[in-house]
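Predicted model only: the values in this text are computed from it and were never measured. Each ligand, and each atom within it, is numbered from 1 in the order the structure gives.
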Amino acid sequence: MPLAVALPKTAAQVREVLRVCHALQMPVVARGAGTGLSGGAMPCADGLVLSLAKLNRILELDPIACTARVEPGVRNLAVSEAAAPFGLYYAPDPSSQIACSIGGNVAENSGGVHCLKYGLTVHNVLGLRGYTIEGEEIVLGGGALDTPGLDLLALAIGSEGLLVVVTEVTLRLIPKPSVAQVVMASFDDVAKAGDAVAAIIAAGIIPAGLEMMDRKATVAVEPFVQAGYDLGAEAILLAESDGTAGEVADEVAEIERVLKAAGSTGCVVSQSEAERLRFWSGRKNAFPAAGRISPDYYCMDGTIPRKHLGRMLRAIEEMEKKYALRCMNVFHAGDGNLHPLILFDAHQEGEWDRADRFGADILALCVALGGTITGEHGVGIEKIGSMCVQFTPSEREAFFAIKRAFDADGLLNPGKAIPTLHRCAEFGRMHVHDGQLPFADLPRF
Ligand SMILES: Cc1cc2nc3c(=O)[nH]c(=O)nc-3n(C[C@H](O)[C@H](O)[C@H](O)COP(=O)(O)OP(=O)(O)OC[C@H]3O[C@@H](n4cnc5c(N)ncnc54)[C@H](O)[C@@H]3O)c2cc1C
């Protein structure tokens with residue numbers, strides 16, 4: 001429970017709130033729609049929640065420059081809806097896009113199905129305005145692809161509300177492709193499906209989306225949304241092609257060829273827009289489907305090099321046995337971003353603790369395989385311990401130095417994203433096995 005909540009309606013009010021909090025030395029936690037999955041918007045008991053929900057206007061939509069200037073509280077999907085009459089859309093599409101805000105997307109550098117081809121939030125934001133905790137205005141980027149000086153725009157994107165409170169964002173819009181089709185491929189082995197992902201990219205194809213679900217995920221999803229998934233398959237891949245009719249026909253044929261060569265046991269190509277959306281609806285509803293089959297679930301988010309997908313899946317099977325918990329797997333496979341969903345029941349003694357350790361092991365393995373502890377959900381408070389596995393003390397100190405340059409008193413979103421030495425010592429005590437962090441003995445890839 002925070003001390004108070006502020007609901008400003010204008011950027012000028014945001015600035016005043018920040019100035020007052022700075023004068024009072026009161027912590028401030030910016031909040032968008034509260035859909036974040038790493039606890040980044042969790043309030044501080046001695047601080048203020050600064051909700052940006054009422055800054056929800058699309059300020060300008062320029063179909064000639066293909067840009068939209070929006071306030072941070074605008075919902076992600078609302079941008080594409082507003083751009084649709086001009087044949088344009090905003091590409092980054094988190095599964096939460098009906099609810100999450102552009103401000104939250106910027107703070108988390110959010111991704112989605114279409115980010116493999118069109119980039120993450122950082123690749124689709126041209127500029128932003130905001131305020132430091134002192135109420136000093138910050139203007140980063142601009143209308144052009146590059147600006148002079150250090151790239152502070154990229155630094156601000158993904159900074160999890162630690163550096164600046166964003167009050168305006170200029171987004172890049174792109175033309176909506178005239179045709180899109182999805183190839184749904186079945187595999188009798190998850191490792192083969194993982195290898196097929198690498199084969200598609202190696203063939204020089206960058207699909208508009210390339211997602212993977214294991215059998216545990218398809219079995220959970222199918223009764224919920226009737227997506228038409230092959231429940232006999234150990235894993236399915238969804239590969240989308242978009243462009244003109246000719247481009248899509250050629251690419252779909254090439255994708256099918258590569259998938260069959262990689263051992264797919266069957267391919268179905270969507271024959272209508274309704275069928276394409278149906279295939280995606282299963283993937284997009286995987287999280288709520290987990291909620292139907294288990295009292296609780298813990299959604300992980302890590303990234304590994306694509307070539308290790310099969311290895312990671314086998315390791316997760318071992319962890320299921322070790323922790324006596326089930327785990328269903330959905331992936332943004334094209335960019336190696338994993339979302340294992342660990343199923344547990346918090347009312348059963350010890351289950352949450354086991355789920356927590358299971359999750360930490362997955363993230364430690366991501367690091368050992370040459371990946372990262374977050375693909376798109378950010379660090380927040382959830383993965384702050386795993387930051388100690390990913391980064392050395394001197395790297396973490398460099399992050400703190402950047403934080404201090406923007407917020408010398410540490411008032412913006414304190415306790416999130418960057419762990420203190422003390423925090424790392426605590427994490428070490430909880431997760432060290434036989435004197436070593438899990439997978440510390442694996443050669444670094
Ligand atoms: C069902 C479900 C599916 C999801 N799927 C995806 C997915 O596919 N891809 C993905 O990337 N994420 C996904 N998410 C996670 C989440 O939706 C994203 O992280 C989203 O960007 C959070 O936006 P929000 O507005 O809810 O932010 P919040 O949760 O309110 O805040 C998140 C962080 O942003 C900061 N913040 C918010 N607004 C501002 C601002 N104006 N200025 C500075 N800091 C700010 C907060 O302090 C906090 O640290 C999913 C979540 C759910 C519940």
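Of all protein heavy atoms, the one closest to atom 25 (O) of ligand 1 is S101 OG, 2.6 Å. Here the heavy atom of the protein found nearest to atom 24 (P) of ligand 1 is A33 N, 3.5 Å. If you check which protein heavy atom lies closest to atom 48 (C) of ligand 1, you get G40 C, 3.5 Å. Counting only heavy atoms of the protein, atom 47 (O) of ligand 1 lies nearest to A30 O, 2.6 Å. Nearest non-hydrogen protein atom to atom 12 (N) of ligand 1 is H377 CD2, 3.5 Å. Among all non-hydrogen protein atoms, the one lying nearest atom 36 (N) of ligand 1 is A107 CB, 3.6 Å. Nearest protein heavy-atom contact of atom 29 (O) of ligand 1 is G36 N, 2.8 Å. Protein heavy atom in closest approach to atom 8 (O) of ligand 1: S95 N, 2.9 Å.
At least one heavy atom of V164 lies less than 4.0 angstrom from ligand 1.
F358 and Y323 have parallel rings, their planes meeting at less than 30° on a 0 to 90° scale where 60° marks the start of perpendicular. Between Y89 and H114, the ring planes are perpendicular. Angles over 60° get that label, and only those under 30° would be called parallel.
For E108, no nitrogen or oxygen atom sits less than 3.5 Å from a nitrogen or oxygen atom of ligand 1, counting backbone and side chain alike. Inclusion of P94 in the set of residues having an N or O under 3.5 Å from an N or O of ligand 1 is not warranted. In terms of N/O distances under 3.5 Å, ligand 1 is not approached by L52. The N/O atoms of S96, backbone and side chain alike, include one that comes under 3.5 Å of an N/O atom in ligand 1. At a 3.5 angstrom cut-off on N or O pairs, F287 does not count as close to ligand 1. Of the polar atoms of T35, at least one N or O is found under 3.5 Å from an N or O of ligand 1, judged by distance alone. In terms of N/O distances under 3.5 Å, ligand 1 is not approached by P72. For a threshold of 3.5 Å applied to N or O pairs, the pair formed by G112 and ligand 1 contains no separation below that value.
In this structure, the side chain of H123 engages the main chain of L120 through a donor-acceptor pair within 3.5 Å.
The closest side-chain donor-acceptor pair between D301 and N337 falls under 3.5 angstrom. Side-chain polar atoms of T392 and E395 form a donor-acceptor pair below 3.5 angstrom. Residues W280 and E240 bring a donor and an acceptor atom of their side chains to less than 3.5 Å of each other. Side chains of E376 and N109: a donor-acceptor N/O pair is absent below 3.5 angstrom, by distance only. Using modelled atom types, one finds a donor on one side chain and an acceptor on the other under 3.5 Å when comparing E382 with Y298.
For R129 and E137, the salt-bridge test passes: some basic side-chain N is under 4.0 Å from an acidic carboxylate O.
Contacts between A41 and ligand 1, counted as non-hydrogen atom pairs separated by less than 4.0 Å, involve both the backbone and the side chain. Contacts of V166 with ligand 1, taken as heavy-atom pairs under 4.0 Å, involve both backbone and side chain. Contact annotation: for E376 versus ligand 1, heavy atoms closer than 4.0 Å belong to both the backbone and the side chain. Neither the backbone nor the side chain of K416 comes within contact range of ligand 1; no heavy atom lies under 4.0 Å.
Nearest heavy-atom pair, C299 versus H339, reported as atom, atom and distance to 0.1 Å: SG-ND1, 4.3 Å. When all heavy atoms are compared, the tightest approach of K9 to L55 is C-CD1, 3.6 Å. A pairwise comparison of heavy atoms in Y297 and F344 identifies C-CE2, 3.7 Å as the closest pair.
Applying the 4.0 Å criterion to heavy atoms of N105 picks out, from ligand 1, the atoms 20 (C), 21 (O). Each of the following atoms of ligand 1 lies closer than 4.0 Å to a heavy atom of E160: 49 (O). Atom numbering of ligand 1 starts at 1 in the shown order; those under 4.0 Å from a heavy atom of N413 are 47 (O), 49 (O). Listed by number with element, the atoms of ligand 1 under 4.0 angstrom from any heavy atom of S110 are 11 (O), 18 (C), 19 (O), 20 (C), 21 (O). The distance from ligand 1 to the heavy atoms of V165 drops below 4.0 Å at these ligand atoms: 42 (N), 43 (C).
In this structure the side chain of E211 never reaches within 4.5 angstrom of the side chain of V330, judged on heavy atoms.
Geometric assessment of K192 against the ring of F187 yields a negative cation-pi assignment under the 6.0 Å and 45° thresholds.
Looking at G111, S38, G34 and measuring to atom 11 (O) of ligand 1, the nearest heavy atom belongs to G111.
To the nearest 0.5 Å, atom CZ of residue R69 and atom CG of residue D62 are 10.0 Å apart.
Screening L338, L37, N329, I342 for a side chain to side chain contact (heavy atoms under 4.5 Å, CB included) with M300, the sole residue that qualifies is I342.
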